[in-house]
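Report on the structure given below.
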Amino acid sequence: MAGRTNPCATFRDGSDIVLDYCSYVSEQNGIQMEAAHYCEQCSKCYCDICVPLHDQMFKTHVLIGREEMQRWPISRATVDALTQRREHNNETITAFCEDHSALCCVKCLTLKHR
């Protein structure tokens with residue numbers, strides 16, 4: 001699934017809780033619900049509340065539950081954690097310092113890894 005990402009990562013109600021996958025329909029209605037299922041045909045995530053609606057509209061689609069998450073796309077939270085430096089206001093990681101074995105953003109390179 002490399003290369004595909006799910007843009008559903010979000011913070012719940014301003015707290016520090018990160019939802020790795022949000023329900024697409026709930027999010028479209030301003031509600032943040034954690035997804036329990038993923039539909040490959042729709043390329044969307046759905047919570048348990050939204051699944052009956054999805055199943056009514058798309059009878060031939062097969063939903064994939066969390067027990068088979070290896071078939072889901074990479075979550076936005078995971079991509080962000082791997083590509084952004086929180087230490088430097090989420091600057092994008094652009095380099096690797098071989099001397100320190102560290103991933104670096106432009107600020108890291110300027111300040112610590114000359």
Side-chain angles (χ1 to χ4, degrees):
M1 297 293 141
R4 291 190 320 157
T5 62
N6 177 346
C8 291
T10 187
F11 291 92
R12 180 178 285 172
D13 299 327
S15 74
D16 289 339
I17 297 172
V18 176
L19 301 180
D20 56 353
Y21 294 91
C22 291
S23 171
Y24 172 75
V25 176
S26 297
E27 192 170 50
Q28 293 298 304
N29 288 299
I31 302 166
Q32 295 175 349
M33 296 287 293
E34 189 165 45
H37 306 275
Y38 175 72
C39 178
E40 287 182 312
Q41 291 90 339
C42 295
S43 297
K44 303 278 187 256
C45 296
Y46 299 96
C47 65
D48 288 328
I49 296 168
C50 296
V51 166
L53 298 171
H54 173 273
D55 290 348
Q56 243 180 347
M57 293 186 299
F58 305 107
K59 296 186 185 308
T60 61
H61 289 196
V62 177
L63 294 173
I64 303 165
R66 282 191 173 262
E67 64 278 356
E68 294 184 77
M69 283 189 79
Q70 70 276 11
R71 294 177 55 194
W72 290 31
I74 300 167
S75 77
R76 172 58 61 201
T78 301
V79 171
D80 288 348
L82 294 173
T83 62
Q84 296 180 347
R85 291 287 301 192
R86 289 183 183 237
E87 178 181 343
H88 295 134
N89 297 322
N90 293 325
E91 287 282 332
T92 302
I93 293 171
T94 57
F96 179 77
C97 176
E98 291 186 24
D99 293 340
H100 299 103
S101 296
L103 296 171
C104 304
C105 67
V106 174
K107 288 183 181 177
C108 288
L109 289 174
T110 305
L111 300 172
K112 298 179 183 177
H113 303 274
R114 295 180 184 218

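If you're wondering where the values come from, they're calculated on a predicted model, not measured in any experiment.
With values rounded to the nearest 0.5 angstrom, C22 atom SG is found 8.0 Å from E34 atom CD. C47 contributes atom SG, which lies 4.5 Å from atom CE of M33 (distance to the nearest 0.5 angstrom). Atom CG of L63 is separated from atom CD of E68 by 11.0 Å, given to the nearest 0.5 angstrom. Summarising the geometry, atom OG1 belonging to T92 is positioned 12.5 Å from atom CG belonging to L103; distances are rounded to the nearest 0.5 Å. The CG atom of D48 sits 10.0 Å away from the OG atom of S26 when rounded to the nearest 0.5 Å. The distance from the SG atom of C39 to the NE2 atom of H61 is 5.0 Å, given to the nearest 0.5 Å.
Taking 4.5 Å as the limit, every side-chain heavy atom of Y24 sits out of range of all side-chain heavy atoms of C45.
Below 30°, between 30° and 60°, or above 60°: for Y21 and W72 the angle between ring planes is above 60°, a perpendicular geometry. Classification of the F58-H54 ring pair by plane angle, with boundaries at 30° and 60°, yields tilted.
By the neighbour-count criterion of 12 heavy atoms within 6.0 Å, atom CD of E98 is sparsely surrounded, having that number or fewer from other residues, nucleotides or ligands.
Following chains of ILVMFWY side-chain contacts shorter than 4.5 Å, one cannot reach L53 starting from Y46, and the two form parts of different hydrophobic clusters.
Nearest approach of Y38 to K44, heavy atoms of both residues: CD1-O, 3.3 Å. When all heavy atoms are compared, the tightest approach of V51 to H37 is CG2-CD2, 3.2 Å.
A distance-only check finds a donor-acceptor pair linking the side chain of R66 to the backbone of A35 [under 3.5 Å].
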